[in-house]
Amino acid sequence: MTMSMRDWTISLLLTSVITTLMANLIGSHVSIAESIPGVLILSAIAFVGIFLGKIIPLKIPAIIYVVLTGLLVASPISPISQPVIEYTAKISFMAPITIVGTLAGIGLNFKSFISQSWKMVIIALLVFTGTFITQAVFAQIFLNLTDALDSF
C-alpha cells in the first residue's frame, strides 16, 4: 500500500491536531472542546503556509510562509485577528512544539519521508515518547530543585 502525498499531508496534519489537543489537555488542563477552534486555526495557518510554499516559485522554506501567514491573520490590520487571537490564546505554547519540532526535523520533505516506509512512523513515535518523557523528567527535577511545587 502506497500513500500519496496528499494522504501523508492529511495524516500529518491530523496527527498534529490530535497530539496538540492531548498535550493541551494534559499540560494546560484546557478541555478538548475549548482547544479545538484554536488548534484548527493553527492547522489552517500551517496548511495555507505549506500550500503557499508549493505554489510560489521562490526557493524559500515553507516555514517562512507559515510564519508570515500567522503574522498576517493575527495582525491588527486583519479583520479576523480578534477571533484568531482569542481562540489560539487557549493553546499552550508548548502543546504543538513537539510535533512542530518533529516536522521541522523531517524538513517537510514528504517524498523523502514516504520513501523511508512505515519504519519512520515507528521511529517518530519513539522520538515523540522519548522527548515527552525526557521533558517530564527534567521538569520534575527542576520543579523539585526550585521548590516551585510548594507554592501551589
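We use all heavy atoms of the structure for the numbers below, so side chains are in, but hydrogens, waters and symmetry mates are not.
With sequence neighbours excluded, no residue forms a side chain to side chain donor-acceptor pair (under 3.5 Å) with Glu86. Applying the side-chain contact (heavy atoms from CB on, under 4.5 Å) test to Ile36 and every residue at least two apart in sequence or in another chain returns Leu21, Ile32, Leu40.
Cluster membership for Met22 and Leu126, using ILVMFWY side-chain heavy atoms within less than 4.5 angstrom, is not shared. Taken together through direct or relayed side-chain contacts under 4.5 Å among Ile, Leu, Val, Met, Phe, Trp and Tyr, Val17 and Ile91 form part of one hydrophobic cluster. Phe47 and Val39 fall into different hydrophobic clusters, where Ile, Leu, Val, Met, Phe, Trp and Tyr are joined by side-chain heavy atoms under 4.5 Å apart, directly or via other members. Leu71 and Ile85 fall into different hydrophobic clusters, where Ile, Leu, Val, Met, Phe, Trp and Tyr side chains are chained together by heavy-atom contacts under 4.5 Å. Connection of Ile26 to Ile133 is not established within any shared hydrophobic cluster, with ILVMFWY side chains joined at heavy-atom distances below 4.5 Å, either directly or through further cluster members.
For the atom pair CG of Leu14 and CD1 of Ile18, the computed distance is 4.0 Å after rounding to the nearest 0.5 Å.
Between the Ser78 side chain and the Val73 main chain, a donor and an acceptor come within less than 3.5 Å of each other. With hydrogens and angles disregarded, a donor-acceptor distance shorter than 3.5 Å links the side chain of Ser75 to the backbone of Leu72. Thr19 places a side-chain N or O within 3.5 Å of a backbone atom of Ser16 that can act as its donor or acceptor partner.
Leu25 has its side chain out of reach of Val30: every pair of non-hydrogen atoms, C-beta onward, lies at least 4.5 Å apart. Using a 4.5 Å heavy-atom threshold, the side chains of Thr69 and Leu52 count as touching. Side-chain contact between Ile50 and Tyr65 is absent, with no heavy atoms from C-beta onward closer than 4.5 Å.
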- request: Verify side-chain contact (heavy atoms from CB on, under 4.5 Å) between Val137 and Phe132, making sure each step is shown before the conclusion.
  value: CA-CA 9 Å; Val137 167; Phe132 180 78; over 6 Å; no
- prompt: Can Phe128 and Leu125 be said to form a side-chain contact (heavy atoms from CB on, under 4.5 Å), step by step?
  reply: CA-CA 5 Å; Phe128 295 156; Leu125 290 174; 4.0 Å; yes
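Nearest heavy-atom pair, Pro76 versus Ser81, reported as atom, atom and distance to 0.1 Å: CA-OG, 4.4 Å. Among all heavy-atom pairs drawn from Glu34 and Lys90, the shortest one is O-CD, 3.9 Å. Residues Ala46 and Val66 come closest through the heavy atom pair O-CG2, 3.7 Å. The minimum heavy-atom distance linking Ala33 with Pro37 is given by the pair O-CD, 3.5 Å.
When only modelled atom types and interatomic distance are considered, Asn24 and Ser35 share a side-chain donor-acceptor pair under 3.5 Å.
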